[in-house]
Number of protein chains: 2
Amino acid sequence: MTKQVRNTAAKTAVMEMLSQSSTALSHGEIYQSLAETCDRVTVYRILDRLIEEGVAHRIALSDGTVKYALCEQCGDGHHHAHSHLHFNCVLCGGVSCLEVEIPHVQLPRKYKMHDVSLVVNGLCAACNS
Amino acid sequence: MTKQVRNTAAKTAVMEMLSQSSTALSHGEIYQSLAETCDRVTVYRILDRLIEEGVAHRIALSDGTVKYALCEQCGDGHHHAHSHLHFNCVLCGGVSCLEVEIPHVQLPRKYKMHDVSLVVNGLCAACNS
DNA sequence: CATTTATTGCAACATAGTTGCAATAATTTA
DNA sequence: TAAATTATTGCAACTATGTTGCAATAAATG
Ligand SMILES: [Mn+2]
Ligand SMILES: [Mn+2]
Ligand SMILES: [Zn+2]
Ligand SMILES: [Zn+2]
């Protein structure tokens, strides 16, 4: 039997927060906004669980920073595809999932591609004015 | 006047190591191989300096891990371009610069692209047999 | 309400990266 | 070659990030 899922106040709060946010959030940002209401470790575990449940996904920026975003923000809800790029605004720091397909990349002979991570750094629409 | 550059034993050792290695190396890997011969912090500072000098570059993998590689390995030596992709083998863990141009990506209106980071995870030629 | 067990808090640990400062040593200059 | 300059290093101390074990807590189910 598959492990059952329980909805807790902390988990709901994290999801609510990710859902409200226009930008992907780091563990630290989430933990701080939840100020005192739950433990650091709990936030890590909730995020891990959300990812395992397919509700959220991890985004590693080009400097190594890790952010989290809900998956609905990055697909049409119907077919869930993770082959989209992530945009990191160097001005406001915002990180967002763009509905842009990752172009096909040709690898050298014998290489086998599993998945691709593409992060674009630049100015977002709001900051580029 | 621009800050002068000094070649020290530690710096030479790090460069030698990166130059010999077929894969990009993390700070930890470099530090361990240098075992006891110099401080942890020194390795960080040497790597920062190599990057500032344009000799090496940083590679952030899709899980947030950071690796370092010499720049000569990732260009033809003549024109130095950093718009190439990095390959991370999920089997041997090797990380290498591939001489493959990053395909053009079309961003939504008003977005301004500065630079792109593209990491492909999969099986390298050696592991894919 | 009682049972089951997923989730949490806490302590403790591991790794990654940064900063200040005094000591050291690579270059430059005399 | 010896002295002066200052880039580099070692060390201590600190912050940030992430993980694990275990006992206590609290969802869900009946
Ligand atoms: Mn996304
Ligand atoms: Mn490279
Ligand atoms: Zn912006
Ligand atoms: Zn391999």
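Just so we're on the same page: letters track the sequence lines, and every chain starts at 1.
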* Using 30° and 60° as the class limits, which term best fits the ring planes of Y31(B) and H27(B): parallel, tilted or perpendicular? -> parallel
* For E36(B) and dT9(D), give me the distance from atom CD to atom P, rounded to whole Å. => 17 Å
* Asked: So, K11(A) and E16(A), do they make that salt bridge, N to O below 4.0 Å?
  -> no
* Find the distance D63(B):CG to dT15(C):P and express it as a whole number of Å. => 16 Å
* In whole angstroms, how far is the P atom of dT8(D) from the NZ atom of K11(B)? -> 7 Å
* Starting at atom CG of L25(A), determine the distance to atom C1' of dT17(D), rounded to an integer number of angstrom. => 17 Å
* **M15(A) CE to dT7(C) P, straight-line distance once rounded to whole Å** => 13 Å
* Measuring from I102(A):CD1 to S117(A):OG, what's the distance to the nearest 0.5 Å? -> 7.0 Å
* Round to the nearest Å and state the distance from R58(B) atom CZ to dA16(C) atom P. => 14 Å
* Specify the separation, in whole Å, of atom CD of Q32(B) and atom C1' of dA16(C). => 13 Å
* **Nucleotide nearest V66(A) when distance is taken to its side chain, options dT5(C), dG18(D), dT27(C)** => dG18(D)
* K3(A) side-chain proximity, nearest of dT9(D), dT7(C), dA7(D) -> dT7(C)
* Asked: L85(B) pairs by side-chain contact (heavy atoms from CB on, under 4.5 Å) with which of V119(B), V100(B), V116(B)?
  -> V100(B)
* Any idea which of dG18(D), dG17(C), dA7(D) is nearest the Q4(B) side chain? -> dA7(D)
* Return the residues of residues 37-50 of chain B meeting this criterion: a heavy atom under 4.0 Å from some atom of DNA chain C. Order them by number, or give none. => R40(B), V41(B), Y44(B), R45(B)
* To do: Step by step, work out the salt bridge (charged side-chain N to carboxylate O under 4.0 Å, His left out) result for D39(B) and R45(B).
  => CA-CA 10 Å; D39(B) 194 78; R45(B) 295 200 263 229; over 6 Å; no
* Asked: S62(B) and N121(B): side chain to side chain donor-acceptor pair (under 3.5 Å), yes or no, with the steps?
  -> CA-CA 8 Å; S62(B) 57; N121(B) 299 300; 3.0 Å; yes
* Ion pair check, K3(A) and E52(A), cut-off under 4.0 Å -> no
* Asked: OP1 or OP2 of dA26(D) less than 4.0 angstrom from a side-chain nitrogen or oxygen of T8(A), does that happen here?
  -> no
* What is the distance from CZ of R6(A) to C1' of dA6(C), rounded to the nearest Å? -> 4 Å
